[in-house]
Protein chains: 2
Amino acid sequence: MPSYEYARPALTTDCVVFGLDEEDLKVLLIKRGLTPFKGKWALPGGFVREGEDLEKSARRELQEETGLKDIFLEQLYTFGHPKRDPREHVVTVAYYALVNLSEHPPTADTDADEAAWFPFDDLPKLAFDHSEILASARERLRSKLRYSPIGFELLPEKFTLTQLQSLYERILDEQLDKRNFRKKLLKLEILEETDEIEQDVAHRAARLYRFDRKAYLEKQEAGLNLEI
Amino acid sequence: MPSYEYARPALTTDCVVFGLDEEDLKVLLIKRGLTPFKGKWALPGGFVREGEDLEKSARRELQEETGLKDIFLEQLYTFGHPKRDPREHVVTVAYYALVNLSEHPPTADTDADEAAWFPFDDLPKLAFDHSEILASARERLRSKLRYSPIGFELLPEKFTLTQLQSLYERILDEQLDKRNFRKKLLKLEILEETDEIEQDVAHRAARLYRFDRKAYLEKQEAGLNLEI
DNA sequence: ACAAAAGTGTTGATCATACACCCATGA
DNA sequence: TCATGGGTGTATGATCAACACTTTTGT
C-alpha cells in the first residue's frame, strides 16, 4: 500500500521548554504571528521537513523561534487528534526541554515571534491543544525526576543543596526533609563537592556542588537504582 | 508558515504485539506482501489516513492485518529517521499491545498477509528499523511492568499465582522468591481470589485469581504505590 | 507411595522517616 | 548581637530478602 493512495496528515514538532528561577517553574512560549491563533501564545514548534529528523526539527524550530540551542531535549508523546488544528489534520511530535534559566534570561532571542517565560501555574490561554501537551509534559517531568537525575539541567553548573532540594520540592510539589534529602543525595555519589561557596548572601554561605555526570553514567550502567 | 511550503514526510503507525505462552514471550509479525522488504517479516502497521486518529489507525491496521481487536494498546515512541524507509521519509508512531495468547492462537487471522507469533528471543531479520522498535518496546514493557499492573493483559482472565510469577520472571528476566512474591502481590489487594482451581494438572491444583481492576483504579486514584 | 507443584512465617538487615540544635556569616 | 539559612545524627518503624518444610493431588 503506497503512501500516496491516501492524503497525508501534516507533521509538526512542538517543544515544552521548562525553566526554573527563584519564584517558579516556568515555560517558554511564543506569540504566534500567523493565523490560526494569530496573537495567541503557543509552544515553539513547526512543520517537519521532508528528510529532516524529528529531534533535529524540534531543535531547529526552537533555535529559530527562541534562540535556544544545545539543551536537554527528549521526546514526550505524539498528539494526533484530527481536529487539534482547525485547518487540517496536523500530527505533532511533542518534545520537552530543560534549561538553566539563569543562563537564558526571561525574554529570549527571537527569530520572528515574541517569546517569553510564563510561570507554569499562571499560563495564558494557549493555541491548539497546547495546554494538554503542557499538562502531559508537566506530568512527565514530575515522574521522570523521581528516578532520573534530570533536575540538574534546570540548575547552573554549580549549585547548593538547598537549591537542589527546592527544585525537587517545587517539581514534585511536596515538602522534603532537609537532612534526609541531603543524606539520600550524597549517598548516591553523583554529586561532586566543589571548594567554592555561594557568594553575596546575608548569612552563612552554602557549599557549591556539581553534578558528576560520569559517576552517574557508571552507576546507571551498573544498574543501580537512582531514585530520589 | 503553512504546511504546504515544504514536502511532508509520510506518517504510519506500527504495532508491537506481545503475547505470552508456556514457553516464551512472543511477538506477532506479518510477512510483507509488497515492496519494499517484500517477503520479509515486519511489524503490523500502515499509513495513517488524513482525518484519522493515531490510535485508531494503529487499531485499524492491527485488525486488518492480524484480526486482533479490543486489546490493550499504548503509544510507545515516534521514530522518524529520514532513512528508516528506503523509499522516502516515513515517520512512524509506534504502539505496543498486550494480548492473552491463549485466546489468540499461534497463527492469527489475516487480511492480506501472513501473520505469525515469534519468540522474542528468536526473531527473524525484520524490515525497516523494526528491530529497533521491538527492542524499545521490550524495554518499555519491562520498565512499565515494575510499577504498573499491565501483566494481567497477557494472562487469561483467571490465573494462578505461579503463572503470574512466571510472567514477571520472564519479562523482568530475573528470578523471584515465591513467598515474597505472593506476600507482595496479595498485600496490594488488587487480586480477587476466585473459588475455582486449575484443572487437569497432575499435582495439587492451584487456586485461580482474577485481577480486580476496580480496586486497582481506586488505589491508583488514592496515589498508592503499586510497584512490584 | 511417589512425583510434582501448592502453599505458608520468621528473622535479620536495610531503608525511610521524624525530628532539633549549633554554626557561620553578613548586616 | 541579631537574623538568616547552613549543616549535622539518632532512634523508631517499615520494608525487603533470605530461607525449607508440609500439604494436596494425580498417577
Side-chain angles (χ1 to χ4, degrees), chain A residues 20-23 145-147 149 155-156 158-170 172-210 219 222-228, chain B residues 20-23 145-147 149 155-156 158-170 172-210 219 222-228:
Chain A
L20 196 76
D21 64 14
E22 315 298 297
E23 286 88 43
L145 185 65
R146 284 191 193 278
Y147 61 89
L155 291 178
K158 295 171 193 165
F159 49 85
T160 69
L161 291 180
T162 301
Q163 281 180 293
L164 186 59
Q165 179 176 347
S166 160
L167 180 157
Y168 273 87
E169 289 180 333
R170 287 185 290 159
L172 300 180
D173 204 18
E174 63 186 279
Q175 292 294 109
L176 301 172
D177 178 88
K178 181 161 66 157
R179 277 173 289 188
N180 294 337
F181 180 81
R182 283 159 186 248
K183 246 182 298 175
K184 211 178 210 168
L185 268 134
L186 293 174
K187 189 139 60 77
L188 293 179
E189 295 183 297
I190 56 173
L191 291 183
E192 189 188 344
E193 186 176 313
T194 73
D195 51 9
E196 294 168 65
I197 55 174
E198 61 181 339
Q199 301 296 318
D200 303 318
V201 285
H203 52 79
R204 173 175 177 181
R207 160 139 278 123
L208 294 175
Y209 290 79
R210 177 192 287 132
K219 282 177 210 308
L224 291 188
N225 182 5
L226 297 164
E227 276 179 53
I228 304 302
Chain B
L20 196 76
D21 65 13
E22 314 297 297
E23 286 90 41
L145 185 66
R146 285 193 193 278
Y147 62 88
L155 291 177
K158 295 170 193 166
F159 49 84
T160 68
L161 291 180
T162 301
Q163 280 180 292
L164 187 59
Q165 179 176 347
S166 160
L167 180 156
Y168 274 87
E169 289 180 333
R170 287 186 290 159
L172 300 180
D173 203 18
E174 64 186 284
Q175 293 294 109
L176 300 172
D177 178 89
K178 180 161 67 158
R179 277 173 289 188
N180 293 338
F181 180 81
R182 282 161 185 247
K183 247 182 295 175
K184 211 178 211 168
L185 268 136
L186 293 174
K187 188 139 60 77
L188 292 179
E189 294 183 299
I190 57 174
L191 290 183
E192 189 187 344
E193 185 176 311
T194 73
D195 50 8
E196 295 168 65
I197 54 174
E198 59 180 341
Q199 301 297 318
D200 303 319
V201 286
H203 53 78
R204 175 173 176 182
R207 161 140 277 122
L208 293 175
Y209 290 81
R210 177 192 289 133
K219 282 177 210 307
L224 291 188
N225 182 5
L226 297 164
E227 277 179 52
I228 304 302

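Every chain is numbered from 1, with letters handed out A, B, ... down the list of sequences.
Rounded to an integer number of Å, the gap from A:N225 CG to C:dT14 P is 17 Å. Following rounding to the nearest Å, B:Q163 (CD) and C:dG7 (P) show an atom-to-atom distance of 12 Å. Rounded to whole angstrom, the span from the CG atom of B:L186 across to the P atom of C:dA6 amounts to 14 Å. To the nearest angstrom, C1' of C:dA5 lies 16 Å from CG of B:D200. Across the protein-nucleic acid pair, B:D177 atom CG and C:dT10 atom P stand 16 Å apart, rounded to whole Å. Put simply, CG on A:L176 is 12 Å from C1' on C:dT17, counting in whole angstrom units. When rounded to the nearest whole Å, the span between NZ of A:K187 and P of C:dT14 equals 11 Å. Taking atom CZ on A:R207 and atom C1' on C:dC23, their separation rounds to 14 Å, with Å as the unit.
Put simply, the side chain of B:E227 never gets that close to the backbone of B:R146: no donor and acceptor are under 3.5 Å apart. A distance-only check finds a donor-acceptor pair linking the side chain of B:E169 to the backbone of B:L176 [under 3.5 Å]. For the pair A:T194 (side chain) and A:L208 (backbone), a donor-acceptor distance under 3.5 Å is present.
Along DNA chain D, the stretch of nucleotides lying under 4.0 Å from any heavy atom of chain A spans, 5' to 3', D:dT4 to D:dT10.
When all heavy atoms of B:H203 and B:E198 are compared, the pair lying nearest together is CE1-OE2, 3.8 Å. For A:L188 against A:N225, the heavy-atom pair with the smallest separation is CD2-O, 4.3 Å. Taking every heavy atom of both residues into account, B:R170 and B:D21 meet most closely at NH1-O, 2.8 Å.
At a cut-off of 3.5 angstrom, the base of C:dT10 holds at least one donor-acceptor pair with the side chain of B:K183.
Looking at heavy-atom distances under 4.0 Å, B:R182 makes contact with a base. Residue contacts for A:T160: at a heavy-atom cut-off of 4.0 Å it reaches no nucleic acid atom on any strand shown.
When the nearest nucleotides of DNA chain D are assigned to B:I197 and A:N180 by heavy-atom distance, the more 5′-ward of the two goes with A:N180. Both B:A205 and A:V201 lie close to DNA chain C; mapped to their nearest nucleotides by heavy-atom distance, the more 5′-ward contact belongs to B:A205. Nearest-nucleotide mapping onto DNA chain D: of B:K178 and A:H203, the residue sitting toward the 5' end is A:H203.
Counting non-hydrogen atoms of other residues, nucleotides and ligands closer than 6.0 Å to CD of A:E22 gives a total of 12 or fewer.
Distance from the side chain of A:R204 is smallest to C:dA24 among C:dA24, C:dC19, C:dT17.
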